[in-house]
2 protein chains.
Amino acid sequence: MKTKSAVKNKSLIVTLDMVAKESGVSPSTVSRILNGTATVSEDKKKAVDDAIAKLGFIPNPVARGLAGGRTLSIGVVTQALDSPFYGAALRGIEDELDPAGYSPLFVSAHWNITSETRCIDMLRSRRVDGLIVLNGRMSDASLKATAKHLPVVVTGRNIKSPEIFALNFDNFAGGFKATQHLIQLGHRKIAFIAGDMEHPDANERFKGYKSALEAASIPFDPDLVVPGEYHEVSGMLATDRLLSSNRQFTAIFASNDQMAFGAALSLHRHSLRIPDDVSLMGFDDLANSLYCIPPLSTIQQPAYELGRLAASAMLQLLSGQKPTAVMPAPVLISRDSTRRWRS
Amino acid sequence: MKTKSAVKNKSLIVTLDMVAKESGVSPSTVSRILNGTATVSEDKKKAVDDAIAKLGFIPNPVARGLAGGRTLSIGVVTQALDSPFYGAALRGIEDELDPAGYSPLFVSAHWNITSETRCIDMLRSRRVDGLIVLNGRMSDASLKATAKHLPVVVTGRNIKSPEIFALNFDNFAGGFKATQHLIQLGHRKIAFIAGDMEHPDANERFKGYKSALEAASIPFDPDLVVPGEYHEVSGMLATDRLLSSNRQFTAIFASNDQMAFGAALSLHRHSLRIPDDVSLMGFDDLANSLYCIPPLSTIQQPAYELGRLAASAMLQLLSGQKPTAVMPAPVLISRDSTRRWRS
DNA sequence: TTGTAGGCGTTATCAG
DNA sequence: CTGATAACGCCTACAA
């Protein structure tokens, strides 16, 4: 009875020591084979592999982590788990990491710098092998400091540092293209719903907007710019404000799709038709943008791809290579929410 | 120089031993205070607390995990990270776990039973303290087997087992209410876009639909039922099929919001107006459903709440209590996509 | 190429 | 109530 219970309890926890015994070698040899730390004779290797298969041994990542080795886990700091944009990015990360045997540890910082610091501390205490920070808010300096200890990949910031790999999307070009598209359709009065200008991406998109205006010799009108916060409600409110300001405009460029959705609702509530009365342009090309009515014209920023690239860069960093990943250029996606303006 | 470097390297890794030295007690005592494992004299406790604060000590979860204790992490098996529904649930889990000091370990199984098994193995190898399975596909039997080893909370399945806590949403009632709403508006020809009938939730919603029809003495017409897969495209395709089948209908009940979005696009493409020509009803009440045009009438299934409840149930399980969480009843959300049918 | 010994930071089991 | 002492499962010098 005692034996049976012992067997039962242990049956699911096969240790490296057991593999060593089974195959008649020392634990270190097993470890070496597992990690490829040193060359091992073919016959021993085979014996060990057989034992591993027979016993169904799975290395314990926890013990590995403690022993100073790797935990095979990558910390991922995101801002919100339930954001259509980040969600896709996280999936990309997961898909890329999985075949390599790494698992992501997701934490969300909610655009809060304090919480972001806490998250990173937590991840480090859990001994992650690397850190991916998606559009973090924390200072370059502290990021560089943590990069001294473990490989770091960041997105959405221009940071020049040998230890940090930065993956950047050309938000300026995206903002430019979006605005240019509207201009080419004959629009001259183009409202802009901004994001939080503190954040580089929002700022760049705004610059792109202004630059396209300038390139077309259209005077910039500050009254046509309203602040938003990258989510639906703020886009709706911003549009309400625009509408009640008596400013004339024939098109709205919302600097992300979520705000564009909000803007669409506001226009709908005011009995304004898209694109007949107002053209609407978004930014990001979320999965949903294809399914809103009318389907949204937007700038494609491939979130899933972003995740994959960030993760693969991390994998390269981990294996001592220099990552070469680079984000694809912004692509204009013209759907039904924008159309030619006949004055 | 050597000293300085040593200090620098170690400065970020304060161990329990260091705390013990600093406060003049044994490591065991520090551990006891940390975990509340035994009563400790007030003065020692204070000394230790001070030392912890002074040194900025953070327990190492990895070491804890190895030492046979808990890892303070909860495995969460989801089906897709980037799903509007699950995304919200994950956030709920995170929000609930965080204050308790636990961190979630998210993995997605992509509705695949093999991958789900792999995920669970992986989580167990990482020594999670508990497991939350959101709408898993794996058999009740294997779930019960893993529940022998660690606390398990599941959603979306009716499982009677003392070791597993199941959190269920009343999909039948939801399906019933949605259909009833349409009937009360005067609709008699109500099309139904189904989910994968293999899954209990989809099946229950379908039963609710049929039951409401029956309650109103409306004959069930199998030709008005088209299969879908709970995502936008499938909703669009299903509606296309419906439209080309020449079957008359005045309303569509899509058994989740994502399919409703797809249905809306299909209707739009066919120049059919919502709700003037066709009323459209969804299910779930995703964040986006408020922002589509027209805002979608739907059944509210609080995903965020679901996550919080699942996590709090897990916390209770972990502390030896019997969870009492129960999902709120389905609520009908009537917005602009449904309206009275005047024949 | 291989084995032995020690340690990673914490908790658990003993004595006292 | 408190302190040694031994694990936990693995990795990495070091030695052979």
[X] side chain N/O closer than 4.0 Å to the phosphate oxygens (OP1, OP2) of [N]?
X      : N      : answer
K45(B) : dT2(D) : no
T29(A) : dT2(C) : no
K21(B) : dG3(D) : no

May I have the distance from [X] (atom [atom1]) to [N] (atom [atom2]), rounded to whole angstrom?
X       : N       : atom1 : atom2 : value
L66(A)  : dC11(D) : CG    : P     : 12 Å
I33(A)  : dG3(C)  : CD1   : C1'   : 13 Å
E42(B)  : dT2(D)  : CD    : P     : 10 Å
R126(A) : dG9(C)  : CZ    : C1'   : 15 Å

>> Distance check, rounded to the nearest 0.5 Å: L66(A) atom CG versus N60(B) atom CG?
In response: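 So the gap between those two atoms works out to 6.0 Å.
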>> Under the rule for salt bridge (Lys or Arg N to Asp or Glu O under 4.0 Å), what residues qualify as partners of D121(A), not counting sequence neighbours?
In response: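 Not a single residue meets the salt bridge (Lys or Arg N to Asp or Glu O under 4.0 Å) criterion with D121(A).
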> For S26(A) and T29(A), does a side-chain donor sit closer than 3.5 Å to a side-chain acceptor?
Replying inline: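 Judged by distance alone, the side chains do pair up.
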> Are side-chain N/O atoms of S142(A) and S139(A) paired as donor and acceptor at under 3.5 Å?
Replying inline: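 Short answer, yes.
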>> So that I can tick it off, tell me whether K21(B) and D17(B) are bridged by a salt bridge, with the cut-off set at under 4.0 angstrom between side-chain N and carboxylate O.
In response: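 Not counted as a salt bridge, because no side-chain N and carboxylate O are separated by less than 4.0 Å.
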> Can you give one letter per nucleotide of nucleotides 10-16 of chain C, going 5' to 3': B for a protein heavy atom under 4.0 Å from the base, S for sugar-phosphate only, - for none?
Replying inline: BSB----
>> Using every non-hydrogen atom in the two residues, find where T71(A) and R126(A) come nearest and quote the distance to one decimal.
In response: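 Here T71(A) and R126(A) meet closest at CG2-O, 4.0 Å.
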> Relative to the 5' end of DNA chain D, which residue comes earlier, G65(B) or V25(B), by the nucleotide with the nearest heavy atom?
Replying inline: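 With G65(B) and V25(B) compared, the 5'-side residue is V25(B).
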> Looking at dC1(D), dT2(C), dG3(C), which one has an atom nearest to any side-chain atom of S26(A)?
Replying inline: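 Of the candidates, dG3(C) comes closest.
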